[in-house]
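Read the structure below first, then the notes.
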Amino acid sequence: MRLSLKSGPVLLLVAASLAAVCVATRARGGPKPAPEPTYDLVITNARVVDGAGNPWFRADVAIKGGRIARVGRVAASDGKKAIDARGQVLAPGFIDVHTHVENVYDLPDAENFVRMGVTTLVTGNCGGSASDVGKFLGRASETPVAVNLATLVGHNTIRRAVLGEADRQPTPEELEKMKALVERAMLDGAVGLSTGLFYVPGAYAKTDEVVELAKVAARHGGVYATHMRDEGERVADSVRESIEIGERAGLPVEISHFKISTKKLWGRSDMTLGLVRDARKRGLSVTVDQYAYTASSTSLDSRLPDWVEEGGREEGKKRIADPAQHARVVREMKDTLRKSGFKDFSYAAVASYGAKHEYDGKTIAEVAKLARGHSDVDSQVEQILEMYAAGGAAMVYHSMGEDDVRRIMREPFTMIASDSGVRRFGEGVPHPRGYGNNARVLAEYVRGLGLISLEDAVRKMTSLPAQTFSLRDRGMVREGLAADLVLFDDAAVSDPATFDEPHQYAVGFTYVIVNGEVVLDSGRVTGARPGAALRHASSGAAQNS
Ligand SMILES: [Zn+2]
């Protein structure tokens, strides 16, 4: 076996020269030998949705050297391999601009993403990123992954490195240190700066601090992506702050997971989208992304007032243990709840509680009943505080209205992004968006409701993300661009993942191709890991590695 493997190339060479001889001697007649196929892979008989929003057209697509080499009429025999699309939709691979995949090297097949057509992930969102962007992107060459990776640099990560969890403003020297960290990350290939002003310690920062850091990202052509300070009661102020930061720092703004997360303001996405439209009319580049669900997912800690968390969890536990401060926390939490329009915390379900996984999948009201025998609001608040002290939990919050989700999706500047991590199959009861987001848009909002067209949905998942995050050679089915492609049956695509049973892969996706290599073949993950680290074009390093 070993011998034949070693001798393989030699035999091929002999065969090739024989073939050449044959061509020469048979030039005057007789059957010609088959020529070497021109392309690595040919996909025939596809309905191409090009990513730009154009109506689909029927074509064959040929790939060579990881690039799209031809879109038009190509014979299957011109490819070393060929796939008959049988009229299925061939689209650019989906670009998910809002992910949290700092752990991708532990789960390099990124199967939950691949199986819903995603070929590029942008991570480092909501203010949290790898502290060393160069190292993070560099790991892709040692530990190959199935999909392409790009990252933002996170403000919370940077602030924590310089100021810890302190609730104060930086000194001029500290601000310079933070700026230098943004600069370093941009030179290492970050696509922009992200903030999570909703979270500690970002919540302690004033607008001016963010503007100063965003100016550094602006110099390098980066984008400003933000999980805003407030998506509830003060959502309009937060949209205004985001736009102001972009305007003062001189860079495009991407508002992450755009939503109205307080019941009292359901329906007001009219007004918040209006703020974005007005900014665009003034010439400011503002875009948004969203996931296609009425529930969000984040930490349990986010239900507590920011002041409780200053200095970290150990400090927070001391405050909660102090009777006077405890009473204040309870009062403020109940006050926030009342203002939100929810009657209790039954809108909040546990996704993963490390201290007691029996609670996973249950609402806070159910957990309080189970643990304390009561499910009144006071018992629920006490239960939350106990769980915070025991290490916290990942949560799912059913806090949005469907009308807002639809209104936001219809907007031309909205892209589709999951806000998910790489899932470990079967672990916890996480938000289903990590398995189903793209599929759900195609199944529910395109095919089911007809809210947006197939072509527009694909545009929101491909060329718009590529344009916004400066991923220059991706996001469209065009000759010369990277061969990131997805083939799916638009009549069958669906998202079986639910809030109760999220660990279910999307269906209807047959082939996924990354840089010309097949990572999903007839619905099965191949184990190929052709993903590239995508560095920002203005960084010191090359774009791809
Ligand atoms: Zn976020």
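Both ligands and their constituent atoms are indexed starting at 1 by order of listing.
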Check [Y] with [X], please: is the shortest side-chain N to carboxylate O separation under 4.0 Å?
| X | Y | answer |
| --- | --- | --- |
| E427 | R423 | no |
| R282 | D278 | no |
| D403 | R407 | no |

When the side chains of residues 387-400 are checked against the rest of the protein, which donor-acceptor pairs come out under 3.5 Å, sequence neighbours left out?
from : atom 1 : to   : atom 2 : distance (Å)
Y397 : OH     : S299 : O      : 2.8
Y397 : OH     : R303 : NE     : 3.3

Exercise for the section: Less than 2.8 Å from the Zn ion (ligand 1) is the window; count the protein N, O or S atoms in it. Expected result: 3
Distance-only criterion, 3.5 Å: show the donor-acceptor pairs between side-chain atoms of residues 283-290 and protein atoms not counting sequence neighbours.
from : atom 1 : to   : atom 2 : distance (Å)
T287 : OG1    : V253 : O      : 3.4
T287 : OG1    : E254 : OE1    : 2.4
D289 : OD1    : H257 : N      : 2.9
Q290 : OE1    : M409 : N      : 3.2
Q290 : NE2    : V405 : O      : 3.2

Problem - Which residues share a side-chain hydrogen bond (donor to acceptor under 3.5 Å, both in side chains) with T262, sequence neighbours left out - result: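 Result, side-chain hydrogen bond (donor to acceptor under 3.5 Å, both in side chains) vs T262: none returned.
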